Undergrad: 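This structure is in structure tokens; I'll ask about it shortly.
Both ligands and their constituent atoms are indexed starting at 1 by order of listing. None of these values were measured; they are calculated from a predicted model.
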Amino acid sequence: MKTICYIVAMVAEAKPFIDRYGIKKVDNFFSPLPCQLYEGEVEGTRLCVVLNGQMHGSDLVGCEAASVSTTAAIQRLDPDLIINSGTCGAFRKHGAEIAEVYIGNKAMFHDRRVPGDDNWQTQSIGNYNVWPGSETLAHSLGMKMGKVTTGSSLDMQPCDLEVIETNGGQLKDMEGAAVAFVCSLFSKPILLVKSVTDLCDSGAETYEEFSRNLSRACETLKAANERIIDYLTKSL
Ligand code: ADE
């Protein structure tokens, strides 16, 4: 692979990884868009990390910023593989644990409620495919797989849970399906890497649980991404 491009929402999620590879910020590369490019090289592969950027003193999480970043990254960097790496909520009832890292096997939306016929339903849910090599990678590295389910909120309303359960969602985030949607438009392969900060069925308050576990989950995310980069640059 010549170019691998990460799309990451939060500085906390990207920083351990950026520090590990010593990749450097390229100022104003995407200006006037808010996303920020970090660029370096690993084993002869160009490694790009695109952060969604910030607004009002906080990281731009969510589908809109992720779609902007992914579109700009694909058009400007023409990567061979997009990797959306970040944190997620998961479910104790499916055996998930805090700071466990999963590889996504599909991506869907859970909060796009559009009444009408099956076509609206199909479009709303999304159900995007991932890079076909995802399963072999997960198997080789001993990582679990799960379906990423994306929405615009950190909390989970009962109607979200119903859609998640009906459609087999397991890894609840705020960007994965948006990144996968844009990748599908450009026929770019996407690998989803998600580390668990909170358990949606733990009964705890989500933001408190997320904040308490964020740095631990980001450390396991970095460790997983090191193994993934090693796998991609050495075996492909
Ligand atoms: N990111 C981390 N935890 C999350 C959750 N529970 N929902 C959405 N995005 C998340």
Undergrad: Heavy atoms only, cut-off 4.0 Å: how does Thr197 contact ligand 1, side chain, backbone, both, or neither?
TA: side chain
Undergrad: If the cut-off is 4.0 Å to any non-hydrogen atom of Met174, which atoms of ligand 1 fall inside it?
TA: 8 (C), 9 (N)
Undergrad: Counting each atom of ligand 1 from 1 as listed, which ones have a heavy atom of Asp198 under 4.0 Å away?
TA: 2 (C), 3 (N), 4 (C), 5 (C), 6 (N)
Undergrad: Identify, for atom 4 (C) of ligand 1, the protein heavy atom at the shortest distance, and state residue, atom and that distance.
TA: Gly89 N, 3.4 Å
Undergrad: Under the criterion salt bridge (charged side-chain N to carboxylate O under 4.0 Å, His left out), I'd like the reasoning laid out for Glu100 against Lys144: C-alpha separation, chi angles, the key distance, then a yes or no.
TA: CA-CA 9 Å; Glu100 213 173 6; Lys144 289 189 194 172; 2.8 Å; yes
Undergrad: What atoms in ligand 1 come closer than 4.0 Å to a heavy atom of Thr206?
TA: 6 (N)
Undergrad: Is it the side chain (CB and beyond), the backbone, both or neither of Asp155 that lies under 4.0 Å from ligand 1, heavy atoms counted?
TA: neither
Undergrad: Just checking Glu165: does its CD atom have more than 12 heavy atoms from other residues, nucleotides or ligands closer to it than 6.0 angstrom?
TA: yes
Undergrad: Under a 4.0 Å N-O cut-off, is there an ion pair linking Arg113 with Asp160?
TA: yes
Undergrad: Could you pull out every donor-acceptor pair under 3.5 Å between side chains of residues 183-193 and any protein atom, sequence neighbours left out?
TA:
| unit_1 | atom_1 | unit_2 | atom_2 | d |
| --- | --- | --- | --- | --- |
| Ser184 | OG | Phe181 | O | 2.6 |
| Lys188 | NZ | Asp78 | OD1 | 2.8 |
| Lys188 | NZ | Pro79 | O | 2.7 |

Undergrad: Anything under 30° is parallel, anything over 60° is perpendicular, the rest tilted; go ahead and classify Phe17 against Tyr6.
TA: tilted
Undergrad: Considering only heavy atoms of Cys88, which atoms of ligand 1 have at least one such atom less than 4.0 Å away?
TA: 1 (N), 2 (C), 3 (N), 4 (C)
Undergrad: Look at atom 10 (C) of ligand 1 and find which of Glu175, Lys172, Lys194 reaches it with the closest heavy atom.
TA: Lys172
Undergrad: Report, in ascending order of atom number, the atoms of ligand 1 lying under 4.0 Å from any heavy atom of Thr87.
TA: 1 (N), 2 (C)
Undergrad: Of Asn105, Asn127, Asn167, which is the lone residue that meets side-chain hydrogen bond (donor to acceptor under 3.5 Å, both in side chains) with Lys147?
TA: Asn127
Undergrad: Heavy-atom contacts with Asp173 under 4.0 Å: which atoms of ligand 1 show up? List them by number with element.
TA: 8 (C), 9 (N)
Undergrad: What I'd like to find out is whether the side chain of Ile98 reaches to under 4.5 Å of the side chain of Leu199, using heavy atoms alone.
TA: yes
Undergrad: Decide whether an N or O pair under 3.5 Å exists between Ser153 and ligand 1.
TA: no
Undergrad: Under 4.5 Å side-chain heavy-atom separation, chaining through any Ile, Leu, Val, Met, Phe, Trp or Tyr, what else clusters with Leu154? Say none if it is isolated.
TA: Met10, Val61, Met174, Tyr207, Phe210, Leu214
